[in-house]
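Here the structure comes first, spelled out in structure tokens, and everything after it is commentary.
Order of the sequence lines sets the chain letters (A, B, ...), proteins ahead of strands, with each chain counted from 1.
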There are 2 protein chains.
Amino acid sequence: MARRAIRQPSPADDLDSRKARILEAVVREHIDTAQPVGSSSVAATSHVAVSSATIRSEMVALEREGYLAQPHTSAGRVPTDKGYRYFVDHLQAGVVGEAQQQQIKEFFANVRGEVEDVLAQTSTLLSRLTSYTSVVVGTGHAESAILSTQLVNLDARHQLLVTVFADGSVTKHSVLSTFDVSHVEVVEASRQLNALLIGTVLGARVQVPSRTDHVATLVREAVATLHAEAPTIDGEQVFIGGSSKVAESFDGVETVRQVLAILEQELLVVSLVQDILDQGLSVAIGSEHGFEPLVSCAVIVAPVTIDGHPSGAIGLLGPTRMKYSEAMAAARAVSAQLTQHFDGEDRANH
Amino acid sequence: MARRAIRQPSPADDLDSRKARILEAVVREHIDTAQPVGSSSVAATSHVAVSSATIRSEMVALEREGYLAQPHTSAGRVPTDKGYRYFVDHLQAGVVGEAQQQQIKEFFANVRGEVEDVLAQTSTLLSRLTSYTSVVVGTGHAESAILSTQLVNLDARHQLLVTVFADGSVTKHSVLSTFDVSHVEVVEASRQLNALLIGTVLGARVQVPSRTDHVATLVREAVATLHAEAPTIDGEQVFIGGSSKVAESFDGVETVRQVLAILEQELLVVSLVQDILDQGLSVAIGSEHGFEPLVSCAVIVAPVTIDGHPSGAIGLLGPTRMKYSEAMAAARAVSAQLTQHFDGEDRANH
DNA sequence: TATTAGCACTCGATTCTACCGAGTGCTAAA
DNA sequence: TTTAGCACTCGGTAGAATCGAGTGCTAATA
């Protein structure tokens with residue numbers, strides 16, 4: 001996937017207050033109506049007390065500077081990505097509505113279950129709150145130490161290695177043996193595996209026994225199986241909520257298809273969200289997040305931390321003309337609640 | 001969700017061979033072109049050596065009997081659900097193409113990992129093979145006996161109960177305690193839990209200790225947490241592959257939205273697939289599967305068995321004018337391979 | 001100098017009309 | 001029973017006419 005550098009906010013992004021208000025009015029109305037916005041409607045809605053003619057000449061300037069564009073002569077203006085960017089950068093933080101606040105509160109009061117379940121449900125919540133597609137990313141246990149491992153006999157030739165990590169994640173791996181394994185052997189192998197692996201991190205060098213007896217072979221097999229997984233960017237969990245909202249956000253069926261196709265590729269989604277976070281942005285508009293198929297999209301992200309460590313992110317994907325204020329407020333609120341939710345769980349232990 | 005009874009195949013579904021061939025030609029061409037089919041093109045393509053006029057009168061009959069419909073006077077005919085049904089019922093089994101056969105073989109030769117991973121990837125495979133959206137359902141461990149449980153200390157107040165079932169599935173449950181738990185206590189609780197639970201099934205009555213010491217409390221907590229999950233139709237796993245294909249299959253954005261909205265609801269998808277299987281069908285066309293939002297869809301299903309026990313299903317969802325022959329062949333081939341894949345794993349142990 | 005009223009102009013969208021032609025249903029002959 | 005022939009239907013397409021929202025420019029004004 002070809003990528004373009006994410007735009008650096010340029011310091012020269014300053015408009016005099018009248019231009020700014022006109023731009024804002026255009027963006028607001030376009031977000032509302034999805035139609036090009038004309039000078040007269042700006043004159044009517046924005047509280048700049050000048051005639052449409054003056055606004056017209058200002059709009060010419062705004063277009064020259066790249067904030068607005070004209071679909072064709074004799075149509076109104078439409079914001080460019082740069083226009084949206086200015087709008088977003090100068091947006092005073094929105095607040096979430098009563099009803100939504102209520103929904104969030106209720107959700108977190110009632111939600112229970114394991115981290116994965118909470119994240120999956122959060123994704124649905126976020127999508128319902130905003131009517132955009134939501135993305136929830138949970139970072140994996142790549143750097144977590146192993147707390148415990150256990151080998152279980154499914155049957156004589158078929159063992160299951162279950163590993164618990166310090167972050168509470170659990171993995172399972174099938175181990176196939178070429179000989180019949182007795183219960184005693186499994187227990188002993190389990191014991192040795194615990195001795196070897198507890199406290200280590202996936203991929204760390206481990207001194208495996210070189211003997212050729214059943215137990216040693218089993219231990220070697222298990223360690224190999226476990227470590228085989230290490231190099232894959234593992235445990236990254238992605239939960240997509242409200243993918244049907246894609247069909248509401250974009251009108252061209254082809255655009256819908258493209259966006260869905262992107263969302264199907266979890267790795268892409270993870271790196272998209274990660275990239276935006278890495279750039280310190282909370283919104284990426286149009287071409288700012290160098291994924292060409294998503295040029296007509298804006299992505300809002302908010303990090304989620306557990307105990308102060310970044311451990312995931314939540315995101316919203318909508319059209320560039322999305323309702324930034326509401327969506328950002330919702331994302332912020334949910335990410336805060338989520339952080340608090342997990343920290344709360346944690347606090348109970350200290 | 002309102003449901004309608006699934007249509008019972010009626011014994012009177014017989015057309016004389018000429019009508020049948022005409023119907024088949026109409027269906028084939030409509031599937032190809034998505035356009036209403038006229039009598040003259042049937043005369044040209046179907047190998048019935050009669051004039052278009054004759055075909056016309058036959059088509060009138062077919063329409064009267066409910067196999068065809070006319071979008072409007074002076075347009076060609078389009079198959080009804082009943083028409084598709086006849087077509088499908090009288091379809092001789094298709095074969096999968098060379099290239100696809102190759103892809104399937106390759107996939108199963110290389111696929112590795114746990115059941116969940118295999119199912120998820122299979123879903124992607126199936127979708128790529130057919131360019132329809134695929135659904136893979138794995139049945140849960142609801143009836144599986146517990147092979148082993150282990151309680152792990154995440155920290156003093158925070159334990160994780162990891163349970164392994166006979167079918168190889170693993171669950172984890174957080175247990176919060178109101179007192180600090182020592183390592184020794186966790187080990188002892190783990191031992192007692194194993195003694196209590198091994199061999200039992202989720203939801204079975206278990207004699208928990210009534211003492212009030214730490215270990216007993218821990219054991220009670222853990223059992224309660226584990227059993228709390230039992231009533232939920234648990235472990236049903238759904239993997240949707242190629243949801244972007246929905247946007248290719250239907251042209252109205254609204255239809256796309258509706259279908260996506262259904263696919264988001266896993267429980268609905270599971271019951272849809274299950275219902276079709278229960279009726280002994282392998283294809284449900286249009287309104288046959290009483291889900292109103294899916295009237296313009298056809299669903300192909302094929303069961304997957306492990307060791308002879310039904311243990312899941314794979315499905316394909318497309319427009320009613322989908323390429324039944326190819327899609328059914330692909331579904332059959334993949335389900336057979338999948339069954340064989342899992343049985344093969346099993347056979348290694350006997 | 002900045003603003004504005006006025007005005008000619010542009011051009012997509014809408015409506016209307018004419019018309020084409022694929023496809024039908026019917027009839028009468030083979 | 002089949003078929004050639006034919007009048008008829010009606011959605012789709014192409015043009016023409018029109019509409020009107022919105023523009024850019026100019027000249028007058030504060």
Side-chain angles (χ1 to χ4, degrees), chain A residues 15-80 83 251-252 321, chain B residues 15-80 83 251-252 321:
Chain A
L15 299 174
D16 66 69
S17 111
R18 194 170 68 182
K19 276 211 188 70
R21 268 184 293 173
I22 291 173
L23 175 57
E24 185 191 331
V26 172
V27 173
R28 289 220 126 88
E29 178 148 348
H30 182 68
I31 286 175
D32 244 43
T33 65
Q35 298 295 323
V37 179
S39 56
S40 54
S41 92
V42 171
T45 62
S46 79
H47 296 157
V48 287
V50 290
S51 73
S52 66
T54 309
I55 290 176
R56 246 180 338 261
S57 67
E58 293 283 56
M59 285 168 92
V60 171
L62 283 167
E63 181 171 5
R64 195 173 43 236
E65 294 167 42
Y67 295 97
L68 295 178
Q70 245 180 332
H72 55 86
T73 354
S74 92
R77 301 303 205 295
V78 156
T80 60
D251 22 41
R321 48 169 283 275
Chain B
L15 300 175
D16 65 70
S17 112
R18 193 170 71 185
K19 277 212 188 72
R21 269 184 291 173
I22 291 172
L23 174 56
E24 186 191 331
V26 172
V27 173
R28 289 220 126 89
E29 178 148 347
H30 181 68
I31 286 176
D32 243 43
T33 64
Q35 299 294 323
V37 179
S39 56
S40 54
S41 92
V42 171
T45 61
S46 80
H47 294 157
V48 287
V50 291
S51 74
S52 68
T54 309
I55 290 175
R56 225 146 39 227
S57 66
E58 292 284 56
M59 285 168 91
V60 171
L62 283 167
E63 182 171 5
R64 195 173 43 236
E65 294 166 43
Y67 295 96
L68 295 178
Q70 245 179 333
H72 55 85
T73 351
S74 92
R77 301 302 207 294
V78 157
T80 59
D251 22 41
R321 47 169 284 274

Can you tell me the distance, in whole Å, between the [atom1] atom of [X] and the [atom2] atom of [N]?
X	N	atom1	atom2	value
A:Arg64	D:dG24	CZ	P	11 Å
B:Lys19	D:dT1	NZ	C1'	13 Å
B:Arg56	D:dT3	CZ	P	11 Å
A:Glu58	D:dT23	CD	P	14 Å
A:Leu62	D:dG22	CG	P	17 Å
A:Ile55	D:dA21	CD1	P	17 Å
B:Gln70	C:dA22	CD	P	17 Å

N/O (side chain, [X]) to phosphate O (OP1/OP2, [N]) under 4.0 Å:
X	N	result
B:Arg77	C:dT24	yes
A:Thr54	C:dT4	yes
A:Arg18	C:dT3	yes

Heavy-atom closest pair, residues [X] and [Y]:
X	Y	result
A:Glu58	A:Ile22	CB-CD1, 3.6 Å
A:Thr45	A:Ala25	OG1-CB, 4.4 Å
B:Pro36	B:His30	N-ND1, 4.2 Å
A:Gly83	A:Val27	O-CG2, 4.3 Å

Just wondering, do [Y] and [X] contact through their side chains at under 4.5 Å, heavy atoms?
X	Y	answer
B:Val60	B:Arg77	yes
B:Thr54	B:Arg18	yes
B:Tyr67	B:Leu15	yes
B:Met59	B:Val26	yes

To the nearest 0.5 Å, atom CZ of B:Arg28 lies from atom CZ of B:Arg21 at 13.0 Å
Shorter than 3.5 Å, N or O on both sides, protein versus nucleotides 11-15 of chain D: list them out with atom names.
none

DNA chain D contacts among residues 30-40 of chain A, heavy-atom distance under 4.0 Å: A:Gly38, A:Ser39, A:Ser40
DNA chain D nearest-nucleotide lookup for A:Ala75 and B:Ser51: closer to the 5′ end is B:Ser51
